[in-house]
Amino acid sequence: MASETRQIQPTGLARRLVVDKLLSEQQAQSASMEAARKRQPFVQYLVQEKLVDSHNIAVSAALEFGIPLLDLDAVDLMSLPSNLVDEKLIRKHRVLPLHRRGNRLFIAVSDPTNDQALDEIRFNTGNATDAILVEESKLSIAIDKVLEAQDTTMSEIMDSDLDNIDISSDDDMDQAGDGSDLNIDDAPVVKYVNKVLVDAITASASDVHFEPYEKSFRVRFRQDGILREIANPPLGIAARLVARLKVMSRMNIAERRVPQDGRIKLKLSRSRDIDFRVNTLPTLHGEKVVLRILDANAANVGIDMLGMNQKQKEDFLECIGRPYGMVLVTGPTGSGKTVTLYSALNILNKPDINISTVEDPVEIQVPGINQVNMNQKTGLTFAAALRAFLRQDPDIVMVGEIRDLETAEIAVKAAQTGHLVLSTLHTNDAPQALTRLANMGIPPFNIASSVLLIMAQRLARRLCLHCREVDNVPREALLEEGFGEDEIAEGVTIYKPVGCERCVNGYKGRVGVYQVIKVSEEMGRLIMEGGNSLQLADRAESEGYTDLRRSGLQKVKLGLTSLQELNRITKD
């Protein structure tokens, strides 16, 4: 009888649970036998039958076997390595890969006695395996979440419409390297990339960012000027996604050490195709890829849709209608300068007019306009192209940006010799554009005699008309924001963003905020006298021209945007 008792005494983890008074000897023996009969892991059986709490089992097992204990609640499941261990092994042995360091793979387990799991993983991956103890209940949830996320990302996106998308490239670069090790033609990867690009177009995004990090990979869209995270693909497919994008844009997929540029044309239907300008950048954890969506329809926005008030629109149209002179548009990157200039060119684009443009690069392709891509490597700079234009009998010339004295001198000379010149400068407001030209080395007399109009602009997010709400701003706050006493006395209704299914955080689309200044005789005299930007701004105000802030406040009064948005785009 004593011999039989010794035979049925529990061992290993079961014995430890008895010692810790979490199970009786009879319960431990019965559970061991039942788990074996069902071919179920001992720990899983205990938790499933609610015989012992999952946390208590983990603590006891850690003490018994000397294995480190980890709380899975503190782990970012989406950053765990993917595709290292086959899904069948994960589900069969109820384990989860946590981290790989060199050739050692750390595996989350709830049953430290399951040596078979570690042996199979070691054999299949070629990596040494180390067990990390976790709670059974949390492990079950984690496995389901991780595998479900991977399935959603790579399987449920297989929309049949994506099969009909035609992809071509305008870039004539030859791709090098076979890329076979990256599985760039893997159907799920191809369809995932196509879906992201189509989603970006549907969401009216201007840019798409594919960004690799040490423990994660994310995709972001820039919508209405603001970046938003929209997806976190498994880190294990990052290299394949980047390789796919490089193949689509005809880049060298074997070169990962230097930035590359390319172009993708996505043909959505017979009547609609979208161009993407693609750039790669080597980072610490892989290549970041940014795609700029080039929408040809932007050139057809129309002057009335830009957001100028009646006086600003009249001044702008009057100046671009002149036979010679210079019109300058200023503002930071992404403020809509190119769209404004192309809206003007679209008005001027007629069969009897010769229009040439040089840009870095051409973003909007328009029939009837001679467009040139700047190429620094071949010596085709803004200045070189501008010189060539002047020998091609031009009527109107558009220069993407005046960056240096040489370009500025040629542009001013062209404006003085019977050509209309449109260009951009990077300054904060319109008066600073005039002093910027002077600082470059252009004589004040040439500035005063060539510049017709300067326009500074920003893009503010439009409030969603379906969900905006009245914002009860105190009178003192309105005064501080720049509203006048008379405006407040008449009554100012201000709206704030709310957010609904039709918009993004209360905003949908953007509207331009402009400062438009025509260079009058008095202003020209002040320029020739060496006046600074503050004096020019005061002169402009005395002539009735509003600055960016005042122009933005008018948009707020009209309910087009919010005070918060105006403060974001007109920070001093």
Side-chain angles (χ1 to χ4, degrees), residues 77-88 90 97 100 125 146-169 171 173 175-203 205 207-221 229-256 260 262-268 274 276-283 285-291 293:
L77 298 179
M78 294 303 101
S79 68
L80 297 183
S82 60
N83 301 328
L84 291 180
V85 178
D86 187 81
E87 180 180 342
K88 291 180 181 178
I90 292 175
R100 183 169 66 178
T125 65
V146 170
L147 296 181
E148 181 183 349
Q150 292 180 11
D151 289 343
T152 300
T153 305
M154 299 309 297
S155 298
E156 294 181 1
I157 60 167
M158 304 309 177
D159 299 337
S160 58
D161 291 344
L162 298 179
D163 293 330
N164 299 321
I165 293 177
D166 181 33
I167 298 168
S168 61
S169 170
D171 199 308
M173 294 174 62
Q175 65 186 46
D178 60 13
S180 58
D181 59 321
L182 295 174
N183 295 320
I184 53 177
D185 293 324
D186 186 26
V189 171
V190 171
K191 291 193 175 184
Y192 183 77
V193 171
N194 288 355
K195 179 168 175 58
V196 169
L197 299 188
V198 172
D199 284 350
I201 295 167
T202 304
D207 301 86
V208 184
H209 294 239
F210 292 83
E211 301 171 308
Y213 296 96
E214 183 181 8
K215 297 180 180 180
S216 63
F217 185 72
R218 70 178 176 182
V219 180
R220 293 193 290 174
F221 290 171
E229 186 172 308
I230 60 100
N232 291 100
L235 186 60
I237 69 165
R240 282 184 283 163
L241 288 177
V242 171
R244 173 61 186 164
L245 289 165
K246 291 171 74 174
V247 167
M248 291 168 68
S249 49
R250 297 296 188 267
M251 294 182 189
N252 182 347
I253 64 171
E255 179 56 77
R256 301 168 190 150
Q260 296 186 65
R263 201 174 179 105
I264 298 171
K265 182 183 288 292
L266 208 64
K267 191 170 184 62
L268 300 176
I274 302 290
F276 294 82
R277 190 181 76 213
V278 188
N279 176 264
T280 66
L281 179 69
T283 67
H285 305 292
E287 290 178 283
K288 173 177 177 175
V289 184
V290 176
L291 294 85
I293 301 176

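Nothing here was measured: the structure is a model prediction, and the numbers come from that model. Heavy-atom basis, side chains included; hydrogens, waters and symmetry copies ignored.
Among all heavy-atom pairs drawn from G262 and M251, the shortest one is N-CE, 3.4 Å. In terms of heavy atoms, K246 sits closest to E255 at NZ-O, 2.8 Å. In this structure, R256 and I253 approach most closely via the heavy-atom pair NE-O, 3.6 Å. Nearest heavy-atom pair across P212 and G286 is CG-C, 3.7 Å. Of all the heavy atoms in P233 and Y192, the pair that sits closest is CG-OH, 3.1 Å.
By the 4.5 Å heavy-atom criterion applied to side chains, E229 and E211 are not counted as neighbours. Using a 4.5 Å heavy-atom threshold, the side chains of Y213 and L235 count as separate. You'll find the side chain of D199 stays beyond 4.5 Å of the side chain of I230, heavy atoms only. Under the 4.5 Å side-chain criterion, counting only non-hydrogen atoms from C-beta, I201 is in contact with F276. Contact annotation: the side chain of F217 never approaches that of I237 to less than 4.5 Å [non-hydrogen atoms, C-beta and beyond].
Between T202 atom OG1 and K195 atom NZ the span is 8.0 Å, to the nearest 0.5 Å. M248 contributes atom CE, which lies 6.0 Å from atom CG of L266 (distance to the nearest 0.5 angstrom). One distance of note links CG of L197 with CG of L245; it measures 6.5 Å at 0.5 Å rounding. Atoms CD and CG, from E287 and L281 in turn, are 8.5 Å apart once rounded to the nearest 0.5 Å. To the nearest 0.5 Å, atom CD1 of residue I293 and atom CG of residue D207 are 7.5 Å apart.
Applying the side chain to side chain contact (heavy atoms under 4.5 Å, CB included) test between L241 and each of V193, V190, V289 identifies V193 as the sole match.
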